[in-house]
Amino acid sequence: MPTKIILDENEIPKKWYNIQADMPNLPGIPHNPITKKAVEAKDLAPIFADGLIKQEFSTEKYIDIPPEVREILTLWRPSPLLRAERLEKLLKTPAKIYYKYEGQSPSGSHKTNTSVAQAYYNKEDGIERIATETGAGQWGSALSFATQFFGMECTIYMVRGSYEQKPYRKMMMQTWGAKCYPSPTTMTNSGREILKRDPNTSGSLGIAISEAVEDAATHENTNYALGSVLNHVCLHQTVIGLEARKQLDIAEETADIVIGCAGGGSNFAGIAFPFVRDKIEKKNPDVEIIASEPAACPTLTKGLYAYDFGDVAGLTPIMQMYTLGHDFIPPSIHAGGLRYHGMSPLVSRLHADGLIKSVAYHQNECFKVAVDFAKTEGIIPAPESAHAIKAAVEQALLCKKTGEEKTIVFNLSGHAHFDMSAYEAYFNKTLPDYEYPAELIKESLSKLPHIED
Ligand SMILES: *Cc1c(COP(=O)(O)O)cnc(C)c1O
């Protein structure tokens, strides 16, 4: 069998898979942050494109990918599925480990799968500028890349801690024509409010979201875009799992275990949802599907399944999801993309219904396997993706104990070429492992909004 399974350009999926058509239970309807009433499509219209709002609420099983979007996706899709044979040998495991590599996209992660689609639907609506937040900088670069293809401007609020840690991400966004500011800024009410309380804050994703939403809501020609969490974002990422399913068929394999790291849940959704479909449809009923999180921000693993805001200021709809509390600011781990207090409502619902599981790991143990992976497979994984590798390695080691030849598939969501300072800290042994911040989370969870159903 080949160790690298490549599909032809015309095998990029023509439709996204919408898991809302198949789920035994849908998440509760989001609620308006001010009126606390159920959100309708028209409430989202001031900041989101029409095509995206339709997808957010759609229960149609397959949704056509516009040809203009597919054409841009061909720049790096279909992405390869590779067998990590050298890693298997190192681990002396009977398990077979496959990984889907999303780091070949121009910005280095899976996020371009949705940024291109989001830019397309906004352009269709005549929008001239998109405002967004970025944590580690991956989403900001992915959206900058996409907006320039459609001749739109892009404003990015980048979490200050990352802005200072990762100057090259900022340069990337600039190269693609975007403007990037360290958040909190003095440009928005939400930013000024936070700075008044804590002038030295390193920022957080929740704060940056408040700033970008405020920017979009107060400018007619401007919409907002989110790089994860929302249903339409998870939808766009399903190209990952749909391709992987096809590639496994070619390799004559059936997945026993499917793994993705989870921050807001989108790359996990991308690899996982088509396999959840197989589980629901009883084509592969026993497949185990695992989301891997940081121990410092274990939303699915230790959070509460409740209604909460998506941001610190309470500007976003209130969503039913696993949450650590909307004003919880996670410790500054290097996997910036996994530092989010909430989780995709779709992923959350599947977790609450027992269709998927979650695990959480400390950053040093993730970097350790990331280095093993780099030495055996060549690719230096993003710190976020290292959490998926860690979970895959743990499963492979379990197989070694039991002698089972399971097929493990994980999503390698991106490379670390702009995160080498994190590896530097790991090699210098200056990387702290944060204990689960139980007190902070308890306090934050005491401030959940009240929803009457
Ligand atoms: C953003 C990011 C993540 C986390 O985001 P999800 O929406 O949970 O996928 C994971 N890996 C990489 C490389 C990222 O850039």
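Note: hydrogens, waters and symmetry copies are ignored here, and every other heavy atom, side chains too, is used. Order of listing sets the numbers, starting from 1, for every ligand and every atom in it.
Within ligand 1, counting atoms from 1 as listed, the ones closer than 4.0 Å to a heavy atom of Gly414 are 13 (C). Residue Gly265 approaches ligand 1 through these ligand atoms, each under 4.0 Å from one of its heavy atoms: 6 (P), 7 (O), 8 (O). Near Ser228, meaning under 4.0 Å from one of its heavy atoms, ligand 1 places the atoms 6 (P), 7 (O). Of all atoms in ligand 1, listed by their number and element, those nearer than 4.0 Å to a heavy atom of Ser413 are 10 (C), 11 (N), 12 (C), 13 (C). Close contacts between ligand 1 and Glu384 involve ligand atoms 10 (C), 11 (N), 12 (C) [criterion: under 4.0 Å to a heavy atom].
Salt bridge Lys61/Glu281: present, at least one basic N to carboxylate O contact under 4.0 Å. For the pair Arg83 and Glu88, the salt-bridge criterion is met [side-chain N within less than 4.0 Å of a carboxylate O]. Using a 4.0 Å cut-off between a side-chain N of Lys or Arg and a carboxylate O of Asp or Glu, Arg77 and Glu102 qualify as a salt bridge.
The shortest N or O to N or O distance between Gly264 and ligand 1 is under 3.5 Å. The N/O atoms of Gly263, backbone and side chain alike, include one that comes under 3.5 Å of an N/O atom in ligand 1. Among the atoms of Ser385, none of the N or O lies under 3.5 angstrom from an N or O of ligand 1.
Residue contacts with ligand 1 for Ala262 involve N, CA, C or O but no side-chain atom from C-beta outward (heavy atoms, distance under 4.0 Å).
A cation-pi contact, defined as under 6.0 Å to the ring centre and within 45° of the axis, is absent between Lys123 and Phe150.
Checked against Ile130 for a side chain to side chain contact (heavy atoms under 4.5 Å, CB included), the options Thr155, Asn122, Thr222 give a single hit: Asn122.
For atom 15 (O) of ligand 1, the choice among His415, Lys111, Met343, His110 with the nearest heavy atom turns out to be Lys111.
Looking only at heavy atoms of the protein, atom 4 (C) of ligand 1 is closest to Gly337 O, 3.4 Å.
Every pair passing ring-ring contact (aromatic ring centres under 6.0 Å, His included) that includes a residue from residues 327-352 is listed here, sequence neighbours excluded: Tyr322-His351.
Here OH of Tyr62 is found 9.5 Å from OG1 of Thr238. Values are rounded to the nearest 0.5 Å. Rounded to the nearest 0.5 Å, atoms NZ (Lys15) and CZ (Arg70) are 11.0 Å apart.
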